[in-house]
There are 2 protein chains.
Amino acid sequence: MKKKSVINDTPVCQVRMQAISDTMSILSGKWKFHILGTLIEGNKLGFMDLLREIDGIGTKMLSKELQDLEMNQLISRKVMDTKPITVEYSITKYGATLEPLINELASWGINYRQSVHG
Amino acid sequence: MKKKSVINDTPVCQVRMQAISDTMSILSGKWKFHILGTLIEGNKLGFMDLLREIDGIGTKMLSKELQDLEMNQLISRKVMDTKPITVEYSITKYGATLEPLINELASWGINYRQSVHG
DNA sequence: GAAAGCACTTTCCTTGAGGAAACTACGTAA
DNA sequence: TTACGTAGTTTCCTCAAGGAAAGTGCTTTC
C-alpha cells in the first residue's frame with residue numbers, strides 16, 4: 001500500500017495547491033502575461049495594436065490567447081462601429097486584480113537578474 | 001515598413017516584460033510551484049517524501065524539476081551519510097523569496113474560484 | 001536469498017504548444 | 001483598380017513537455 005502524504009494532506013494545502021493550478025492554467029502559455037500587461041498599460045487597444053506592441057507574437061496565437069482571456073472574463077472585446085471595423089480590447093475589472101501578481105512576477109525577475117549578475 | 005509599438009517601447013516596459021519572461025522561464029512547467037510550495041511547508045524532505053506529497057508527479061519529472069530548481073539556486077540538495085543513502089531537499093534563502101509570489105498565486109486562484117461559483 | 005526501501009536514470013511514446021505562411025472578407029484612399 | 005489597413009481563420013509543420021514503465025545500484029530487514 002502506498003504511504004500517504006503528510007504535509008500536503010491537510011485541507012488548507014489541498015486548496016492552496018488547487019488554487020495555484022487554477023491560476024496557472026488560466027494564465028498558461030507564452031503570451032498571456034504579456035497581453036494582460038500591455039492591456040493594463042495601454043487601456044484600449046485594437047488587434048493590430050497588440051500585434052505591434054507584443055514583440056514576436058503572431059496572429060494565430062494572439063487571436064487564440066485573446067479568446068481564452070475573454071472566456072475567463074479577464075479582458076473584454078468590443079466591436080466598434082467604424083468604417084473599417086475595429087475592435088477594442090481592454091482589461092476588465094476582474095482582470096485588473098491580476099496587477100499585484102504581475103507586479104510581483106516582474107519585481108522578482110528584476111531582483112533575480114540583479115542577484116545573478118550584480 | 002512596420003509601425004513601431006508605442007506603449008511597450010519604453011525602457012521600463014521592456015525591463016518589466018523581460019523580467020516576467022525570466023521569472024516564468026525559471027518557474028516553467030507543471031510542477032515547479034508544487035515542489036517549491038511543498039518544500040516551503042515541509043522544510044527538509046527526501047526524494048520519496050516529495051514523490052508522495054506531490055500528487056501525480058512521477059520520478060522522471062520530479063528528478064528533472066529538482067535539478068532545474070537546484071541549478072537556479074532555489075532549492076538545495078544534500079546527500080546524507082545514512083545507511084541507505086538519503087537526500088535532503090530544502091528551500092534556499094533565495095527560494096524563500098518566492099513565498100509572496102506563491103501566496104499571491106494561491107489567493108488569486110481562491111478568489112477566482114469563489115467569484116466563478118459563489 | 002528474497003523482498004523491500006531509497007534515489008534515481010533511461011527509453012519509448014503521445015500530445016499539445018506554438019510558429020510560418022497563406023487565405024478570407026470588408027472598406028477606403030490614391 | 002491596385003494597394004493598404006482592419007481583424008482575424010486555416011493549414012501545415014516541428015519540437016519539447018510530460019507520462020509510463022522498466023532498469024540500476026546499494027543496503028537493510030525478514
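Proteins get letters first, then strands, A, B, ... in listed order; numbering begins at 1 in each. These values consider heavy atoms only, across backbone and side chains, with no hydrogens, waters or symmetry-generated copies. None of these values were measured; they are calculated from a predicted model.
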Taking OP1 and OP2 of [N], is either one under 4.0 Å from a side-chain nitrogen or oxygen of [X]?
{"X": "B:Y89", "N": "C:dC6", "answer": "no"}
{"X": "B:Q67", "N": "C:dT9", "answer": "yes"}
{"X": "A:R52", "N": "D:dT6", "answer": "yes"}

Taking every non-hydrogen atom, the tightest pair across B:S76 and B:T92: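 For B:S76 versus B:T92, the nearest heavy atoms are N-CG2, 3.8 Å.
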Set out, line by line, the N/O atom pairs under 3.5 Å between protein and nucleotides 18-23 of chain D.
residue : atom : partner : partner atom : Å
D:dG18  : OP1  : B:K30   : N            : 2.8
D:dG18  : N7   : B:K60   : NZ           : 3.4
D:dG19  : OP1  : B:K30   : NZ           : 2.5
D:dG19  : OP2  : B:W31   : NE1          : 3.1
D:dG19  : N7   : B:K60   : NZ           : 3.2
D:dG19  : O6   : B:K60   : NZ           : 2.4

Between [N] ([atom2]) and [X] ([atom1]): distance, integer Å:
{"X": "A:L62", "N": "D:dT10", "atom1": "CG", "atom2": "P", "value": "16 Å"}
{"X": "A:D81", "N": "C:dG27", "atom1": "CG", "atom2": "P", "value": "12 Å"}
{"X": "B:M48", "N": "D:dC26", "atom1": "CE", "atom2": "P", "value": "19 Å"}
{"X": "B:L51", "N": "C:dC6", "atom1": "CG", "atom2": "P", "value": "10 Å"}
{"X": "B:F47", "N": "C:dC6", "atom1": "CZ", "atom2": "C1'", "value": "10 Å"}
{"X": "A:D68", "N": "C:dG18", "atom1": "CG", "atom2": "C1'", "value": "13 Å"}
{"X": "A:R77", "N": "D:dA7", "atom1": "CZ", "atom2": "P", "value": "9 Å"}
{"X": "A:D55", "N": "C:dG18", "atom1": "CG", "atom2": "C1'", "value": "16 Å"}

Proximal nucleotide (of C:dA7, D:dT9, D:dA7) relative to the B:T86 side chain: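 Selected nucleotide: C:dA7.
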CD (B:Q73) with more than 12 external heavy atoms under 6.0 Å: no
Lys/Arg N to Asp/Glu carboxylate O, A:R77 vs A:E70, below 4.0 Å: no
Residues A:K44, A:E88: salt bridge by 4.0 Å N-O rule: yes
B:L50 with A:I7, same ILVMFWY side-chain cluster at under 4.5 Å: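 Same cluster.
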Joint hydrophobic cluster, B:I40 plus B:I35, side-chain heavy atoms closer than 4.5 Å: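 Shared cluster, yes.
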Touch class at under 4.0 angstrom, heavy-atom based, for B:E88 against every strand present: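 Contact class for B:E88: none.
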Any donor-acceptor N or O pair under 3.5 Å, side chains B:N103, A:R16: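 Judged by distance alone, the side chains do pair up.
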